[in-house]
Amino acid sequence: MSTADKLRRASSLSRILHRRILYQSTRSFTTSEGHRPTIVHKQGLDILHDPWFNKGTAFTMTERDRLELRGLLPPNVMDSEQQIQRFMTDLKRLEKQARDGPSDPNALAKWRILNRLHDRNETMYYKVLINNIEEYAPIVYTPTVGLVCQNYSGLFRRPRGMYFSAEDRGEMMSMVYNWPAEQVDMIVVTDGSRILGLGDLGVHGIGITVGKLDLYVAAAGINPQRVLPVMIDVGTNNEKLLKNPLYLGLQQHRLEGEDYVDVIDEFMEAVYTRWPHVIVQFEDFQSKWAFKLLQRYRNTYRMFNDDVQGTAGVAIAGLLGAVRAQGRPMIDFPKMKIVVAGAGSAGLGVLNAARKTMARMLGNTVTAFDSAQSQFWVVDAQGLITEGRENIDPEAQHFARKIKEMERQGLKEGATLVEVVREVKPDVLLGLSAVGGLFSKEVLEAMKGSTSTRPAIFAMSNPTKNAECTPEDAFSILGENMIFASGSPFNNVEFGNGHVGHCNQGNNMYLFPGIGLGTLLSGTPIVTDGMLQAASECLAAYMSEDEVLKGIIYPPISRIRDITKKIAASVIKEAIEEDLVVGYREMDARELQKLNEEELMKYVENNMWSPEYPTLVYKDD
Ligand SMILES: NC(=O)c1ccc[n+]([C@@H]2O[C@H](COP(=O)([O-])OP(=O)(O)OC[C@H]3O[C@@H](n4cnc5c(N)ncnc54)[C@H](O)[C@@H]3O)[C@@H](O)[C@H]2O)c1
Ligand SMILES: O=C(O)C[C@H](O)C(=O)O
Ligand SMILES: [Mg+2]
């Protein structure tokens with residue numbers, strides 16, 4: 001019997017056993033008032049939102065099936081004692097001094113207040129978020145969302161989104177109908193295996209999908225009634241969670257190989273059967289699956305991987321900004337020497353896209369590709385990657401440097417980051433390593449040798465504590481002239497002479513909402529490289545000459561709704577160019593093709609949801 005079959009059998013046996021116990025216990029207590037069943041006239045989310053009937057995670061599996069709750073709660077069934085223990089742990093934590101991150105000690109408390117508002121009144125929640133996006137994006141999104149996922153068992157109150165678990169195999173096609181919305185435009189899905197730079201957080205990773213969708217609503221105006229956060233729980237390899245009785249997910253190691261792919265396949269089939277036009281964004285899957293799943297689905301479904309593709313587009317836009325900031329034209333990009341620390345889903349995504357962009361600028365010939373390749377030096381946990389590396393990840397293979405060539409540069413397989421920076425003297429040092437402080441004083445000192453007139457540091461890892469360095473560290477060593485970007489927000493640095501060191505936020509949030517909205521409104525059946533490139537170029541061109549010369553290479557988050565609109569329009573234009581445009585609602589492909597620039601922007605704008613109360617009218621049917 002395969003592992004999958006064994007698991008299925010074990011789960012159905014436990015359900016039968018559970019049912020028997022339940023039956024026996026009701027039989028022996030039939031006379032006692034407290035144990036008479038309560039008749040309810042509701043099912044699904046209506047039950048979970050009713051304080052009289054809601055039992056949260058304590059709904060048994062049989063009840064979940066009876067009441068159409070399957071998939072609407074995390075998979076681990078808890079008893080009321082455990083529920084109270086979870087609640088009390090959280091309550092007590094508040095009594096201690098909260099240490100929520102370097103910039104805001106009250107971040108988690110703010111998240112709770114916003115989360116409660118989200119549960120009570122969606123329109124008001126999004127109005128608050130949109131009107132104060134600069135202040136609250138760091139609460140609902142990175143960095144606080146990382147802390148939320150780490151503390152999710154205590155913070156969990158009312159479920160949001162859907163949970164598909166390894167135990168639901170064979171059931172997903174019917175479970176999707178437990179979701180109340182007839183139409184879903186956008187799904188963000190994770191398996192919780194690499195949440196930001198925090199590692200495997202299992203089922204608690206659901207928080208990141210909620211955070212990403214908050215930005216879809218706030219920045220792209222996707223209707224909040226049509227978004228769906230999804231957690232696919234295939235187990236966790238986080239030993240702490242496996243031992244924690246209050247963990248909300250399946251307490252088993254992660255499924256691997258075909259068993260794993262079967263679960264993801266079943267999920268994709270189920271959601272596309274119910275909502276054939278939905279767009280699925282894959283988020284925070286560990287690298288080994290991120291690439292494989294992207295290849296598996298990208299030509300069949302409307303999907304993309306944010307960490308691989310969104311990050312790549314944002315990084316390219318930033319790199320082009322760094323070229324312009326030197327007073328050079330973008331076309332000089334292929335001359336940049338770039339050292340990348342981190343060769344996971346994000347690092348390799350950036351490397352592949354940057355190489356393609358350079359090669360295109362050089363004429364797209366074989367020599368152009370080779371020449372582009374030689375502009376990158378990649379350092380991972382084992383140091384510089386060369387062709388001498390044993391068991392090299394096939395995705396990283398393209399960027400492995402020739403041993404002879406490296407010897408000429410005074411470098412060898414496994415050379416340390418500081419050695420590489422010292423020898424290469426790069427224009428850009430870009431980190432996607434998830435190692436906080438990796439750009440140490442020594443590394444930044446080595447960057448002083450950069451041959452660039454304006455060196456750039458991209459410390460892109462999240463959340464804040466994982467940033468490869470802080471802007472203070474970088475500016476204090478490299479001086480005012482340097483360009484700085486980080487994945488999580490930091491404040492600008494004041495030099496005390498009236499000058500300011502700009503801290504740009506290089507985060508995929510500047511792209512994914514626009515990619516999703518453009519995909520939706522063009523109706524394209526797939527998300528192509530051309531569309532991603534168009535999105536990235538649009539972001540690169542968004543900053544004015546004056547701004548980039550001041551070192552401002554990304555827009556402030558206060559402009560995110562405007563930039564998202566423009567990115568969506570650029571994706572639609574590319575879909576038209578590639579003859580993939582289908583249209584959306586009453587706008588068909590032919591009409592869409594006829595729109596001029598201004599009309600296209602109006603079309604995008606008119607389809608963006610805004611948080612305004614509609615007039616409600618009661619109709620009994
Ligand atoms: N700013 C953004 O928009 C953005 C987008 C996606 C991911 N990220 C961040 O990027 C980080 C990495 O994500 P991922 O999916 O690629 O993770 P991953 O775990 O797949 O990859 C991490 C990589 O870093 C390497 N690494 C580890 N220690 C290192 C060291 N000491 N020196 C050099 N390299 C080292 C690993 O070998 C691996 O190649 C995370 O912190 C994530 O939050 C940021
Ligand atoms: O979530 C973010 O803030 C960016 C990115 O998707 C990440 O995984 O770090
Ligand atoms: Mg991510």
Side-chain angles (χ1 to χ4, degrees), residues 137-138 140-146 148-149 188-201 205 207-215 281-291 304-318 339-351 377-385 389 392-393 395-396 399 414-421 429-440 443 458-468 485-490 504-513 539 554 557:
V140 302
Y141 189 61
T142 195
T144 309
V145 72
V148 169
C149 293
V188 177
V189 61
T190 188
D191 69 353
S193 55
R194 188 291 270 150
I195 298 298
L196 304 171
L198 303 169
D200 182 346
L201 298 184
I208 193 74
T209 68
V210 175
K212 292 273 170 184
L213 284 164
D214 274 349
L215 285 199
Q281 171 170 321
F282 277 60
E283 191 65 45
D284 290 4
F285 283 70
Q286 56 183 321
S287 296
K288 80 172 183 190
W289 287 116
F291 292 108
F304 67 99
N305 181 300
D306 180 39
D307 298 292
V308 178
Q309 297 167 296
T311 312
V314 163
I316 304 286
V339 171
V340 175
S345 63
L348 288 169
V350 171
L351 283 159
W377 288 257
V378 186
V379 178
D380 72 356
Q382 298 169 59
L384 177 68
I385 301 182
R389 175 72 63 95
I392 189 165
D393 173 351
E395 298 288 338
F399 297 96
T416 63
L417 182 61
V418 69
E419 286 167 350
V420 174
V421 173
L429 174 59
L430 188 149
L432 281 162
S433 63
V435 181
L438 181 67
F439 299 167
S440 60
V443 172
F458 286 72
M460 291 183 77
S461 290
N462 295 315
T464 314
K465 72 176 176 55
N466 289 42
E468 281 78 5
S486 56
S488 296
F490 281 94
N504 298 280
Q505 193 177 356
N507 190 293
N508 49 27
M509 69 183 179
Y510 284 120
L511 274 196
F512 71 78
L539 179 61
Y554 291 114
I557 189 162

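Read the numbers this way: they start at 1 and go in the same order the structure lists the ligands and their atoms. Everything numeric in this text was worked out from a predicted model, so none of it was measured.
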Worksheet item: Could you give the distance from OG (S461) to CG (L198), rounded to the nearest 0.5 Å?
Response: 10.5 Å
Worksheet item: Between Y141 and F512, what is the ring plane arrangement, given parallel below 30°, perpendicular above 60°, and tilted in between?
Response: tilted
Practice prompt. Go through the side-chain N and O atoms of T209 and T190 and say whether any donor and acceptor fall under 3.5 Å apart.
Written response: no
Item to complete: Report the member of A434, A312, S433, P463 with the shortest heavy-atom distance to atom 22 (C) of ligand 1.
Response: S433
Response to the item:
closest protein heavy atom to atom 44 (C) of ligand 1 is M460 O, 3.2 Å
Discussion item. Taking 4.0 angstrom as the limit and counting only heavy atoms of S287, give me the atoms of ligand 1 inside it, by number and element.
Written reply: 18 (P), 20 (O)
Discussion item. Distance under 4.0 Å to a non-hydrogen atom of G487: what atoms of ligand 1 satisfy this?
Written reply: 1 (N)
Practice prompt. Using heavy-atom distances, let me know which of K212, M509, R194 sits nearest atom 1 (O) of ligand 2.
Written response: K212
Worksheet item: Would a distance-only check, ignoring hydrogens and angles, find a side-chain to backbone donor-acceptor pair under 3.5 Å from E419 to A415?
Response: no
Discussion item. If we ignore hydrogens and angles and just use 3.5 Å, is the side chain of E468 paired with the main-chain N or O of S433 as donor and acceptor?
Written reply: yes
Worksheet item: Going by the atom numbers of ligand 1, which of them fall below 4.0 Å from some non-hydrogen atom of V379?
Response: 33 (C), 34 (N)
Worksheet item: Any idea which protein heavy atom is nearest atom 2 (C) of ligand 2, and the distance to it?
Response: Y141 OH, 3.3 Å
Worksheet, complete the sentence: For atom 3 (O) of ligand 2, the closest protein heavy atom turns out to be N507 ND2, 3.0 Å
Discussion item. I need the nearest protein heavy-atom contact for atom 3 (O) of ligand 1: residue, atom name and distance, please.
Written reply: N508 N, 2.8 Å
Worksheet entry | Distance-only N or O hit between ligand 1 and R194, under 3.5 Å | yes
Practice prompt. Kindly compute the distance separating CD1 (I195) from CD1 (I208), expressed to the nearest 0.5 Å.
Written response: 6.0 Å
Worksheet item: Any donor and acceptor pair, going by atom type alone, linking the side chain of Y554 with main-chain N or O of A317 inside 3.5 Å?
Response: no
Worksheet item: If you measure every N/O of G506 against every N/O of ligand 1, is any gap under 3.5 Å?
Response: yes
Discussion item. Between D306 and the Mg ion (ligand 3), is there a contact where an N/O/S atom of the residue lies under 2.8 Å from the metal?
Written reply: no
Fill in: atom 21 (O) of ligand 1 [closest protein heavy-atom partner, distance rounded to 0.1 Å]
G344 CA, 3.3 Å
Fill in: Selected option - heavy-atom contact closest to atom 9 (C) of ligand 1, from G431, G437, S461
S461
Worksheet item: Nearest protein heavy atom to atom 8 (N) of ligand 1, by residue and atom, and its distance?
Response: L432 CD2, 3.7 Å
Worksheet, complete the sentence: atom 35 (C) of ligand 1 has as its nearest protein heavy atom A381 N, 3.4 Å
Worksheet item: Checking D307 side chain against A346 main chain: does a donor-acceptor pair fall under 3.5 Å?
Response: no
Response to the item:
Counting from 1 in the order shown, the ligand 1 atoms closer than 4.0 Å to a non-hydrogen atom of A346 are 6 (C), 7 (C), 14 (P), 15 (O), 16 (O)
Worksheet item: Judged by non-hydrogen atoms, does L196 sit under 4.0 Å from ligand 1?
Response: yes
Worksheet, complete the sentence: For A343, the atoms of ligand 1 under 4.0 Å from one of its heavy atoms are 23 (C), 38 (C), 39 (O)
Worksheet item: Contact between M460 and ligand 2, counting heavy atoms under 4.0 Å?
Response: no
Fill in: No-hydrogen, no-angle side-chain donor-acceptor test under 3.5 Å, S488 and N462
yes
Fill in: Of the listed options T311, D307, D306, closest to atom 7 (C) of ligand 2 (non-hydrogen atoms)
D307
Discussion item. Under a 4.0 angstrom heavy-atom cut-off, which atoms of ligand 1 come close to L438?
Written reply: 30 (C), 31 (N), 32 (N), 33 (C)
Item to complete: Would you mind checking which non-hydrogen protein atom is closest to atom 28 (N) of ligand 1, with the distance to 0.1 Å?
Response: V435 CG2, 3.3 Å
Fill in: Enumerated ligand 1 atoms positioned under 4.0 Å from heavy atoms of T311
4 (C), 5 (C), 6 (C)
Worksheet entry | Contacting atoms of ligand 1, where contact means under 4.0 angstrom from a heavy atom of G197 | 40 (C), 41 (O), 43 (O)
Fill in: SB check K212 D306 (cutoff 4.0 Å)
yes
Worksheet item: Is any NZ, NE, NH1 or NH2 atom of the basic residue among K288 and D393 found under 4.0 Å from an Asp or Glu carboxylate oxygen of the other?
Response: no
